Asker: 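One structure, pasted below without further comment.
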There are 2 protein chains.
Amino acid sequence: MLKDEVRTISYRNSIYQNQHLFKDKIVLDVGCGTGILCMFAAKAGAKRVIGVDMSNIIDQAKVIVKANGFNEDKILLVKGKMEEVVLPVDKVDIIISEWMGYALLYESMLNTVLYARDRYLTKGGLIFPDKATMYLATIEDGEYKDQKINFWDNVYGFDMSHIKSLALREPLVDTVNANAVNSTPCGFRSIDLYTVTVADLTFSVPFKMIATRDDYVHAFICYFDCLFTACHKPVKLPTGPQDTYTHWKQTVFYLTDVLAVKAGESISGTFSLAPNSSNSRDLDITISYKFNGQLTNLEATHKYKMC
Amino acid sequence: MLKDEVRTISYRNSIYQNQHLFKDKIVLDVGCGTGILCMFAAKAGAKRVIGVDMSNIIDQAKVIVKANGFNEDKILLVKGKMEEVVLPVDKVDIIISEWMGYALLYESMLNTVLYARDRYLTKGGLIFPDKATMYLATIEDGEYKDQKINFWDNVYGFDMSHIKSLALREPLVDTVNANAVNSTPCGFRSIDLYTVTVADLTFSVPFKMIATRDDYVHAFICYFDCLFTACHKPVKLPTGPQDTYTHWKQTVFYLTDVLAVKAGESISGTFSLAPNSSNSRDLDITISYKFNGQLTNLEATHKYKMC
């Protein structure tokens, strides 16, 4: 994960370039992993950094922070669930966390960050990053759709279209070529980490995209960016198809139909997202859209499950 | 997995090209997945095919075989563990199975196939495939080793060499360029599915490779091929770096040292493999080697864990 340079450098810049914010502060790293963000914060002048992680990786982090000359007074690593651990401080000045999942919210640690915020963040304290926006756009993707979806129509002579219907319900995390995008992006959901609540993470919001060329639409894609707005100069961590590769790639939602769009035509609809009721780690996503184009006229609702 | 063409076509050829072997036979597919091999066997003339799988995928397979016109008398799909299910037959004529894991034996289903063989295969019955051979070779891989292993020496200014020592113990499943191979391959272990026992899957065997050019050796690689020798013309499923891509790729075992080898020099040693004592799904692999070259003189033992 550290090998995702865009990500690590965004965090590093937001911390190193803003030492005035970290100097003598108490910092909490939610889901600290190998401890890299803890070390960034310590090196930026934090008085004390506390990293919490329930994964065994924190055992390695303990060896690493020691090897880099930080004692427990400077960087304290605590193994356990954020909701259960006992920390030696009652309040922290800054929360840092790399909590984002695919399509921002799939297998994300945001709920844990919000718990830490409500329990530990001092009034006026800072969150790194503190803003996230989810985007939707349309893409031309005929070749891939044939390979990944229509493939099931005829598998070595057998009809596996039953699998096709399941495949259509499963969003695909993959790298999308920027040239495949054929609409304006629509920032359909923004999250302010200072104020968002867990309840806000179940939502149904409108979107609207404008076709940028005469083309076919095979799928919607979802991606996000995060902002560190507390920085002297805000740092952005973008994950769109036009941006440098990150391990988040983009998330592709294939449509059953193909839309023939003409430049300037608009596709509008509603994007709904909720944790699955039987397994809250899974996400239920519904995309309803309406398209009254010159060549295609369609209203449809697609249900997807990220699992 | 069906999208791995080399694999599926090897099975298809071994079945379709040998309909004389399948005609009117009772066939058992161990770990049948989507049911593709069951349908190959049924179409090749089998009297009855029984597919067993403990995964939920078999629920989809049931829909698929029905959609393709096979009733339960022709293809019966049974959900459960091979060791626990009750089948409507006491013996079968042919066992087919796609059981192979990375480096052949990691997360393989071979134990289950051997159980099915001992319990269900009639005397003189056939197994598809019936032979597997594991190969070892050396590779030049300086650039990747820097990216994947030496990376940890300096991670954004911090010493994470502790992770490096862990990374060195973890074999890497990856596609190896055929040009990187700089030794003869050594087929160090062959398995005959008719006679092999579970106990035989813990072993320690010698190997010897000859350097094919003046070069550096950064790693050993392991791969395998499978043979369907019952076929009129034996069918081979190869997974080496010189062969067409399969999802098994190759398995790379990085060395701590770099060996400077000259063409014709030999590297010999012992390859030992055993299921991990605390988690039998994990594999403990030890490679001991001796190299008395003109430029490098070294004896070393490396312990790896596939998990």
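Reckoned from all heavy atoms, side chains included, excluding hydrogens, waters and symmetry mates. What you see is a predicted model; the values in this text were computed from it and never measured.
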Asker: Hey, is CD on A:Glu72 packed in by over 12 heavy atoms from elsewhere, all under 6.0 Å?
Answerer: no
Asker: For the atom pair CD1 (B:Ile57) and CG (A:Leu166), what is the distance rounded to the nearest 0.5 Å?
Answerer: 8.0 Å
Asker: With only heavy atoms counted, which part of A:Ile36 is less than 4.5 Å from chain B, the side chain, the backbone, both or neither?
Answerer: both
Asker: Against chain B, label A:Lys43 side chain, backbone, both or neither, depending on which of its atoms sit under 4.5 Å from a heavy atom there.
Answerer: side chain
Asker: At a 4.5 Å cut-off on heavy atoms, which part of A:Phe151 comes close to chain B: side chain, backbone, both, or neither?
Answerer: side chain
Asker: State the CD1-CD distance between B:Ile163 and A:Gln60, to the nearest 0.5 angstrom.
Answerer: 5.5 Å
Asker: Taking atom NZ of A:Lys79 as the centre, report whether more than 12 heavy atoms of other residues, nucleotides or ligands fall under 6.0 Å from it.
Answerer: yes
Asker: Is it the case that over 12 heavy atoms from other parts of the model lie below 6.0 angstrom from the NZ atom of B:Lys236?
Answerer: no
Asker: Please check if the number of heavy atoms outside A:Met109 that lie under 6.0 Å from its CE is greater than 12.
Answerer: yes
Asker: Relative to chain B, which segment of A:Asp159 carries a heavy atom at a distance below 4.5 Å: side chain, backbone, both, or neither?
Answerer: both
Asker: Could you go step by step and tell me if A:Phe158 and B:Ile64 meet the side chain to side chain contact (heavy atoms under 4.5 Å, CB included) rule?
Answerer: CA-CA 8 Å; A:Phe158 296 105; B:Ile64 289 167; 5.6 Å; no
Asker: Side chain, backbone, both or neither: which part of A:Tyr11 has a heavy atom under 4.5 Å from chain B?
Answerer: neither
Asker: For A:Ser161, is it the side chain, the backbone, both, or neither that has a heavy atom closer than 4.5 Å to a heavy atom of chain B?
Answerer: neither
Asker: To check you understand the geometry: which heavy-atom pair defines the closest contact between B:Arg12 and A:Tyr156, and what is its length?
Answerer: NH1-CD2, 4.0 Å
Asker: Do A:Lys66 and B:His162 come within less than 4.5 Å of each other through their side chains, counting heavy atoms only?
Answerer: no
Asker: Within a reach of under 6.0 Å around NE2 of A:His20, are more than 12 heavy atoms found that belong to other residues, nucleotides or ligands?
Answerer: yes
Asker: State whether the number of non-hydrogen atoms from other residues, nucleotides or ligands found under 6.0 Å of B:Tyr106 atom OH is greater than 12.
Answerer: yes
